[in-house]
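To keep things clear, I will list the structure first and then write my remarks on it.
Atoms within each ligand, like the ligands themselves, are counted from 1 in listed order.
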Amino acid sequence: MLRQTLLQLSKSTKVRSLVETAPVSRGVVRRFVPGAATPDAVRAAADLAGSHRYVTIDFLGEDTTDMAQARATRDAYLALLQQLRDAGLTEGGRSEVSVKLSAVGQSLGADGDKIALEHAWDICSAAHEAGTTVTLDMEDHTTTDATLATLRELRDDFPWVGAVLQAYLRRTEADCRDLATAGSRVRLCKGAYDEPASVAFTDRAEVDKSYVRCAKALMAGDGYPMLATHDPRLVDIGGALAVQHGRSQGSYEFQMLYGIRPDEQQRLADQGEKVRVYVPYGDEWYGYLVRRMAERPANTAFFLRALATRG
Ligand code: FDA
């Protein structure tokens, strides 16, 4: 119930402007978002690299409704990749980028898919020059087919482009089998949007079971699985599946969000696991933050406590 309410709130422009202008918001947001400017993201990437963690960086923004903003988002990624490259952080894919197609034009009417493809292609080309990779984030289920179609087109030129699949969708186990092919990078997450029961498992235990089935399909295949979860049980199961399928460390990776379970990230990295941290940056943090609150009451409590004590 709380989850659904919060996910609805993520779309409210009124609540958004209230939260964004609350005097303490920015301080609280910093736990999950290292900053608004490109150098903030580069600094976070350097810090994480210093502790043997890999990074994927997301320039925050989604559901872009005008062309100028879609272009500006593309340009922000190009500048980011250049700065990461200059700082020596892209070598061997140590820092890559995550892109939401809706932020680069997917929702711009009839030509949306074409515009998003062109912008994503430019970003992939810059990533290629910098020696790193791109992963396409996955948004709500109405965009899944279009995003996977764009992925296929991009992979013709850039076979290393990664996909995200969401275990809460009923279709995902089959998608995992389709994408578990040589060279295919697939991030498996539970899924963060408010989806109807017609397309998604709504019971948490069902989502977890689906996650395990999907992880099995990916680990058994020839691709490169990226297990994105903070769930201790699923992390353990992921490690066990890797052993069962004879995978060596580095032939798959774990992924977690910036600011969430950093000790666990470090513990896994210290054990020799490849761990990548998803680092979002930029001004458009509202939707991202509300999804984090919807996932975990403790995150909401943290935010409300900060408002109450300082407001
Ligand atoms: P969940 O939130 O169910 O938590 C399970 C358990 O993990 C908790 O019971 C607790 O034990 C532990 N835990 C979680 N948070 C904790 C905390 N703050 N402190 C301590 N313990 C904690 N979604 C999407 O729809 N599209 C996308 O493209 C992406 N991309 C993405 C990238 C990466 C790298 C990650 C990690 C996640 C995403 N997501 C996503 C979000 C994802 O779908 C999901 O909403 C969140 O990861 C939360 O799900 P968990 O698997 O972490 O489990």
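For the pair Arg185 and Glu96, the salt-bridge criterion is met [side-chain N within less than 4.0 Å of a carboxylate O].
Geometrically, Lys274 engages Tyr54 in a cation-pi contact, judged by NZ or CZ lying under 6.0 Å from the ring centre and within 45° of the ring axis. For the pair Arg291 and Tyr288, the cation-pi test (distance below 6.0 Å, angle within 45°) is failed.
Residue Tyr193 touches ligand 1 through its side chain alone, judged by heavy-atom distances below 4.0 Å. When non-hydrogen atoms are compared, ligand 1 lies under 4.0 Å from the side chain of Val164 (C-beta onward) but not from its backbone. Contacts between Met256 and ligand 1 below 4.0 angstrom, taking non-hydrogen atoms only, involve the backbone exclusively. For Asp137, heavy-atom contacts with ligand 1 shorter than 4.0 Å involve the backbone as well as the side chain. Of all the heavy atoms of Arg187, the ones lying under 4.0 Å from any atom of ligand 1 belong exclusively to the side chain.
The atoms of ligand 1 that sit less than 4.0 Å from any heavy atom of Ala228 are 33 (C), 34 (C), 35 (C), 36 (C). Close approach of ligand 1 to Gln166 (heavy-atom distance below 4.0 Å) involves ligand atoms 24 (C), 25 (O), 26 (N).
Residue-ligand proximity: Arg204 is placed with a non-hydrogen atom under 4.0 Å from ligand 1.
Summarising the local packing, CD of Gln249 is surrounded by more than 12 heavy atoms from other residues, nucleotides or ligands at distances under 6.0 Å. Summarising the local packing, NE2 of His52 is surrounded by 12 or fewer heavy atoms from other residues, nucleotides or ligands at distances under 6.0 Å.
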